[in-house]
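Presented below is the structure to which this report refers.
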Amino acid sequence: MTTNPPDSPPDSPPDRRAERLRLGTLVRLLVLAIALGLLLALVLDPRVGQRLLAPEPGYDLVLQGAPVRVPPEAAERLGRHSAWQAERGREHATAVLHAVLAAELDALFDEFHGRLPAYADWYFSLTGEYARLSMLLLQRTGLSEGDYLADRAATLIFGNVPLGAQIGAIEARLQSELRTEAAELQAAWLAQLLRLTTTAQPVATDRAPRATLTLDDLAAEFSGHGRSEFLTRISATSVGAGGLAAAPILTRLAAGSAGALSGRAAARGVSRAGAAGASALGCAATGPAVLGCALVVGGAAWVATDWALLNADEWRNRDALINEWDAHLQQLRTEFEDTLRAHYEPAIAAWHAGLQLEVERSFSPLQAIKRTEGERLNH
Amino acid sequence: MSALRPVGRDAVRAMLDDMLWLLPVPVLLGLAAVFGTALADALVLACGLGLALLMLPGLWLRAVVRRRIFLRGAIRDASYWHRWLRGGAGVAVLKLLLAVPLAALLLVAAVRPTGWHLPAAWVLNLPVFVGLWHLASRRLLPHAVPRFRPVLALRLAMALNFGLLFLVLAIAAVFQSYPDLGALTLSEAMLWEIGRQQARSEGLLILLQAAAAKDALVWWLGQQLLPGVMAPVLQFIGWAVWLAADAVMLWAYLVICASVLSLVHWREWHPGVDPHDDESP
């Protein structure tokens, strides 16, 4: 195909050369007309191109009533990805549970640990000593009920906000994180669905799909609002203070303190009585005022001796007692964490089971079709 | 260069030959339209580069001719500037850099389904473009230097064809039906159109989504603003302004057509290196 006319043999007659030229031109014109007509037909009827590209009708993925046609490979990929996403959801939710509990309980018990010196100050003070003795006496005589030392320890160590409310706040944060995790998981799954439907090979849409996969239940399960009712389950039930073993620990903490207290108090009682008696003997020379003098001097000597003995006791035992209380707090923290984990882990496991069930149910038509095709090939 | 002035049946035959040579252009664009969305990233990249390389000869030849005309008119024959400015590999690289975005634009226009008007124009324009070149070549016969005449005729044909094509597509665009975006906000309209794009290659998908966003913007503006413009002339001008974005794509299509013709006629159309052969027959 050049713009030059083809060279004719020198001996060919001119009319034959003209005839060949005319024939060549006609052939070119015919080829061009056919080619242009064919191209125009392809342009005006895109179904021809679509048939060429996509002989497979593919699958319809239906979400909220909107069907999207995808090829079989894309549907299978989405099935595999959904199963992987379900596994990832369980791992992430468990990791969130552990991380939030560890961080929140660490922060809370660091605060409790920081209050132990203040509790020790009260414990080794004269007011603390006499309040304990008075309450002990009242409890023994039946005039007062309850465990005063445990209550006082709870107030001074756990603060004015009830422990149950503080654990409730931790649970609220945990539930919020788990809700966020479920929302992110659903968003990631939807993003993958969108990516698969936009980057998949085009499929024929002029024929019925091989199967229709409805994904509404799976999407709801990913969001935590599916049949497993993950979000409802974690929000409706709360461990709170009632389910946690704070009281026994507090009793143990107070009992340890009280045991030490009574032993040391008995020893201090002998010293105080001796000191008061010795001081009262000095009042013998006061004559008729001997009783008043003995009471005042003996009382002062009792208190002074008690103060000195308390200081000596604090100097000797304060650190050991704080360490003992700290050990009790650590034990309490571990028990709290175990209880909360035991409460939320089954909910996460049930969510994961619900997700796996929905994945299997939603993509079961794919497996059924593959099985049928395999059997047909075998026969 | 007698082939540049074919007469009678030879002229018809030469025109038919040129049209046949140009047939692969709409075929390639049609294949891109059918298979483009199914191609992986590497294949899309290869297609884009292939189109850019196909555009290169025409762009380069026209740049060379432009430089030769400048050298002949402004620089003395003995000057060494002739060697430096005559257009070599450096110009080719620059033109390749220009060809790459043009090829990407053309590929996106081919792959993105926007109705039958554009592909039909690609097919029907082939005889028009060749006819315009032959007509321009004949009209320039008494005026242009033979050495530069084919490429000058090519420039003229491209300009005329561009105006004609743009006019036809602008008129077609006025009567074309579009999605009703009147009830949506601009961002909703753009997101809706972006969401409809589908391609296996993520790179191509991004380009398609960008083109979809541009189209949604144009349609939304057209549906929100044009009903208020009552005069048909103003309405036409409005459409023409909005279609200016598509003008580059049309130019890319003409560049590839011109490049195919330049490749076919490379030896005849190249101005050569001798500055004294201007009056050669």
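The figures that follow rest on heavy atoms only: side chains count, while hydrogens, waters and symmetry mates do not. All of these numbers come straight from a predicted model, not from anything done at the bench. Naming convention: chains lettered A, B, ... in sequence-line order (proteins, then strands); numbering from 1 in each chain.
Side-chain contact between A:Leu29 and B:Val12 is absent, with no heavy-atom pair separated by less than 4.5 Å. B:Val123 places none of its side-chain heavy atoms less than 4.5 Å from the side chain of A:Leu42. Taking 4.5 Å as the limit, some side-chain heavy atom of B:Pro127 sits within range of a side-chain heavy atom of A:Leu36.
Nearest heavy-atom pair across A:Val43 and B:Ala120 is CG1-N, 3.6 Å. Smallest separation of non-hydrogen atoms from B:Arg13 and A:Arg20: NH1-O, 4.3 Å.
Residues passing the side-chain contact (heavy atoms from CB on, under 4.5 Å) test with A:Val31, sequence neighbours excluded: A:Val27, B:Leu20.
Residue contact with chain A, scored on non-hydrogen atoms closer than 4.5 Å, is absent for B:Leu204. At a 4.5 Å heavy-atom cutoff, the contact between B:Leu126 and chain A is made by side-chain atoms alone.
To the nearest 0.5 Å, atom OG1 of residue A:Thr25 and atom CE of residue B:Met15 are 12.0 Å apart. Rounding to the nearest 0.5 Å places CH2 of B:Trp116 at 9.5 Å from CG of A:Leu40.
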